[in-house]
Every structure is written in C-alpha cells, then in structure tokens.
Amino acid sequence: MTQISACINKKNITIIVFSLKLSISSFTSTTIPIHRHFSLQSFQETCPNNDQHPKPMLKSTSRHQQEQTMVSLVKSSTHKPHLLQIQAHLTRSSLLQNPKFSLLFLSSLCSSRDLRYARLFFSQIKNPSSSHYNTLIRAYSSSNSPKEAFFLYREMRQKGLKPDPISFSFVIKSCVKFRSVFCGLQVHGRIIREGFLSDCLLLTTLMEFYSSFASREDACKVFDEMSQKDTVAWNVLISCYLRNGRTRDVLMLFDKMKNEGVCEPDDVTCLLVTQACANLGALEFGEKAHRYIKERGYGTARNLSNSLISMYSRCGCLDKAYDVFKGIGEKNVISWSAMISGLAMNGFGRDAILAFEEMRRTGVIPDEQTFTGLLSACSHCGLVDEGMEFLNQMSKEFGIMPNIHHYGCVVDLLGRAGFLEQAYRVIISMKVKPDATIWRTLLGACRIHGHFTLGERVIEHLIELKAQEAGDYVLLLNIYSSTGNWEKVSELRKFLKEKGIQTTPGCSSIELKGIVHEFIVDDVSHPQKHEIYNKLDEINKQLKIAGYVAETTSELHDLDVEEKANALSYHSEKLALAFGVLVTQPGTTLRVTKNLRICIDCHNFAKFLSGVYNRQLIIRDRTRFHHFRDGHCSCNDYW
DNA sequence: ATAGGGTTAG
C-alpha cells in the first residue's frame, strides 16, 4: 500500500505498472508469480494488434486474460493521463470498436471528471448506443453543465434511441438543476407516453422536480397517482410541503404515516418534521417527534440531534436544546453552530461567545454559519465591540469572507446601537450587492432611533430594488409618527390608500394544552373576549401602579386604526398575554408567537407584566425571542 | 467483461 502511494507522484507510467500488478494479482491465484519488471511496454508486446486470423486455443485464452486485465485496468483508472495511455493502447488493439469496451472506457472518462474529453471521445464513437448516451447523460446531470444532459437526451430521441427510466430520472434531475420547468414538463410528457408510470423511483424524481418549482399541487398529483408509495416518496412529499410553507400539513402527514403503518417514518422524515416544528415553534409536537426519534433508535444520529437543537432553540426551549447538545458524543461544527445560534436568538449573547471559545478549545474549525450565529449574538445583545472584532477575525484568522448575512448582523448591531450612518456606510461599501433584507434591517434601526431622513433614503433603495413592501411603509409611517411628523403621516397614508397597499395585520398566538389561540389587533372574535378585555384592563391598572407608562407615539401596525392610544392598548400580543394570564395557573410560563416585530410598548408591557405577575414570558417575534423574567428581558433592554 | 435513479442537520 505504501509502495503504491509512494509512486503516485512519480511519472504516470509508474502508476500504470503498479495498477497492472494490482489488477493481475486480483485475477490470478497467489501461487502464480507476478513479473517483477512488468511495464507498459512488455504489456504491449503481449497484446496482438491483428486479430483477423483465428488463434490457437492457448493464445485466445491469453488474449481473453489480457482483455480481462484491460477491463479491470480501465475500471480502476480515474486519472486522465493514465486513461489517455490506455486509450492509445485500446485504439491500437482495436478494442475500442467493441461497443462494450467503448462504453466501459466512456464511463471511466466520465468519472475522471473531464467531461469535455468524455464528450470528445463520445463523438468519435461510430454508432453510440443508448447505453453510451445514458452514461454521458448521467455524468452531465451531476456536473455544472446540466443542460448538456438535456441536449443529449433530445439528440438520442431524434436518433430514435429510447431512454430507460433511469436515464429519464437523470434528465429530470438536470432540468431541476438548470431550472427549466419547460424542459421538465416535456420530459414528463414523454415519460407518460413511454408508460413508465409504475416506476416509484422515477415518479419520486418527478415529485422532487415539481416541488423544486413550487408546484406543490403537481407534486401531490404525482404522489396520488403512484401505485406503490414508499417512505422516500412520502419524504419527498413532506419536504415539498415544508419548502412551500405548508408547515402544518407536514405534522399532519407525519401522523398519517404513523397511523397508516404502511410506510413508517424514517430518520429523514424525522429530520423534516423537526424542521417543521422549528418553523412553527410547535414545542409539543416537537417533543412528540423527539420521543419517536428515541423510540426508533435514532437518538444517536448526529444530524437528528443537530436538528433537534435548532428546533428546541427556535421554540424558546433552551435547556432542552442544551440537553440534546450535551448528549452528542462527537460534536461537529454544525452542532456547535446550532447551539451558538440557539443561545443568540434567545438573547444569551455572552453565553454564545463562551460557547464559541469552548468550541475553539475542542479544535472544531468555525465556518460561515458559526460566524452568522456569533454575530447575531452580538447584535441581539448590543455587543458592538465584540461584534466588530469577530467580523475582523473571521476573514483574517479563518479566511472566511463576510457574506450578506454577516453584514446583515453588523448593520443590525450598529443600527440598534445608534450608529446609523456607520451602518449605512457598511451597506454601501460591502463587496456583496445589498438585498432588500439588509435595507429593511437598517430601516428597522431608523424606526428605533426615529431617524426619518435616513429612513426615506432607505425606502428609495428598496424602491430601486423593486422590493418595497407594505411593511416597509408601515415602518416609515411609524418613524414619522414617533417624531411627531403628522403631515408626513397623513401624506403617506394617502399615498398608501391610493396605491391600495395592504398591510399585514399583526397577529399573535399562544399555545395552551395543544390548542393554538390566535389574536389580531383589537380582536373581538375570541369566545372569551369580554373576560380577556376585562383582564387586560386589570393588568393595565396594575402595571401603571408599578410605573408602566404606555408609549403613545409608537407603532401603528394597522393602517386603518386611526385612534392610536386605543389601538395600542389592544395590540395582539397584549391580548394573547392577557388571555394567558386569565386561563393558566399563576407561575405558568407563557409562550407567545408574533408574526411581526414586537413593538417598544408591548416589549415594555411584557417586562412589567413579568415582574408584577411573577411570570416567565417568552415572546417570539419575527427576528428573535424575548425572554422576560422578574421585570427584565434577556436581551438587556437592548433594541 | 456493459453505466445506473429518489428524500436528509446549523
């Protein structure tokens, strides 16, 4: 073994000698001595160039043996110069005219990763068979020029050659890769005409095709028409629902799989389900999935554990996330990054930094996403100096160039801390093109600090990107109203009304005993509305005694609400919290999920509520968690 | 002696 590897760096010819020895030795019994000085030359001498005349028995056996040697030689070669030499030899012995041999050689060329040469060789084959086409199609489908696979497919069909189901599946995969629905649809039509609709694997590929183009309905249709569904088909269906935002249905499908018992959920299913729970913040269901994972014996699978860390973190359940993390035998960069991000999004920035240092001590190398977690930890806790230091460190020490997410965290960090112009300069001077999200982050910071001239500039950038959304105008509206710019407020309102721009209503939900209760601004739809509003009045009185002052200049989530003070007292998160206080035992932790950012006033309200009513409150909004306890927030009041 | 398919962690 060492002998062979020692020769790899020498001339190619040496490598051939060794490969030959290797392949011959695997074909001959150990009692037959192997030539000591066997080389390409001596090999060529023993290979007859002319096989027009019938050979005596003995000769043909040796020829057969030589061909066998060539087969194993070609099979074991992926090194291009090496293959070129073999090709020269094969051409001389006219072995390449044999379709089987040319196919074998073509596949070796394909695995040598030089597809251009493989293609050149292919074009020299006189009558390429469908097998030849299939081999090349397969190679192109996983290359960085997947479109070639489709061209080859078309070419072979024009020649009247028929692709088999496996080749169809490669062609579909290529269409996914070069993002052409049109080509994929054509191929699907062909698959129907060829009658390959009972092939479960091929249909699964088709589902994946539709799923990747967000045509959930088409993917479902393919699934429904499958005569035999296996677990992978279910998984593709589930991943399709997950990708297209139908997260609730993922949970339903998981239950369905379990109940039907035909296709038991496997580790991949569990992975998808934990992701769905993370997206929904569905802690109870997540715990159920976790139990199932343990039951099925997947408890030690690291990818599942990593996903569970993220799930528990995103449900605001950091202790459980940490339990899973502790249980991982060998933590990799993904485990660490998941834990760091989990700490970050729950407001434990200092701990996230400590975790990072611990990770470094154990010798795990951080990557891009580790730094995303780390920088978001800094931005959520207002650690400006630390954050800027990490931004420096990542490229200098680890050679990781900051991407848009890293810059996004830095803009958030600087912006929240009030360094608005500096944040603006970061966006302008960064090497990547600013996207709508990063502008929106800055807009959020302008809202916090009531900086309307910069806010207007940011809106211009968003308009330039054709990415301006109703929510952006609402932010600007709030900037105007918080700075008392009432003229601009009515001007903007008029503009929005004229353009018919609809805003997303703020919506908060609270899960109690497995039932999700949803509230919107000034909600009157809940059956217990009277009790809820009474409770809210009572809470307001109590909090006022403790020193809470409603911030009347703040947040208008709904454009149609004209009376600010009124709307403020009935923001959806307040309703959800009041409902929680109303129906749970004192001391119970309340978990509220909000679709937009929590406003300053509600944040303040929650802080007082946690102290006065002695409740732990966990509010998850669009960007992060806010843990309230004893009148404080985990993010150190930092906005 | 002939290539070879589908889902999947932060």
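These numbers were taken from a predicted model, which means no experiment stands behind them. All chains are named by letter (A, B, ...) in the order of the sequence lines, taking the proteins before the strands, and each is independently numbered beginning at 1.
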Requested in this report: Using only heavy-atom distances, determine whether the side chains of Y292(A) and E264(A) contain a donor-acceptor pair under 3.5 Å.
Outcome: yes
Query raised in the report: If you take atom types as modelled and just measure distance, does the side chain of D199(A) reach the base of dG5(B) with a donor-acceptor pair under 3.5 Å?
Result: yes
Query - Nearest to side-chain heavy atoms of L201(A), which nucleotide of dG6(B), dG10(B), dA9(B) - result: dG6(B)
Query raised in the report: Looking for any heavy atom pair under 4.0 Å, which part of the strands does F101(A) touch: base, sugar-phosphate only, or nothing?
Result: base
**Report entry** Gap between atoms CZ and P, on R138(A) and dG6(B) respectively (whole Å)
**Finding:** 10 Å
**Report entry** Test item: side-chain donor near acceptor, S129(A) and H132(A), under 3.5 Å
**Finding:** yes
Report task. Consider the side chain of Q275(A), meaning its heavy atoms from C-beta on, and name the nucleotide among dA3(B), dG10(B), dG6(B) that approaches it most closely. Result -> dG10(B)
Query raised in the report: Y153(A) has an atom OH; how far is it from atom P of dG5(B), in whole Å?
Result: 20 Å
Requested in this report: Scan T274(A) against the nucleic acid and name what it touches under 4.0 Å (heavy atoms): base, sugar-phosphate only, or nothing.
Outcome: nothing
Query raised in the report: When you check the gap from the basic side-chain N to the acidic O, do E194(A) and R190(A) get nearer than 4.0 Å?
Result: yes
Requested in this report: Would you indicate what P165(A) reaches in the nucleic acid, counting non-hydrogen atoms under 4.0 angstrom: base, sugar-phosphate, or nothing?
Outcome: base
Query raised in the report: Quick one: is K173(A) getting a side-chain N or O under 4.0 Å of the dG5(B) phosphate, OP1 or OP2?
Result: no
Query raised in the report: What nucleotide among dG6(B), dA9(B), dA3(B) has an atom nearest to a side-chain atom of T204(A)?
Result: dG6(B)
Requested in this report: Check the distance between dT7(B)'s C1' and F254(A)'s CZ and give it to me in whole angstrom.
Outcome: 15 Å
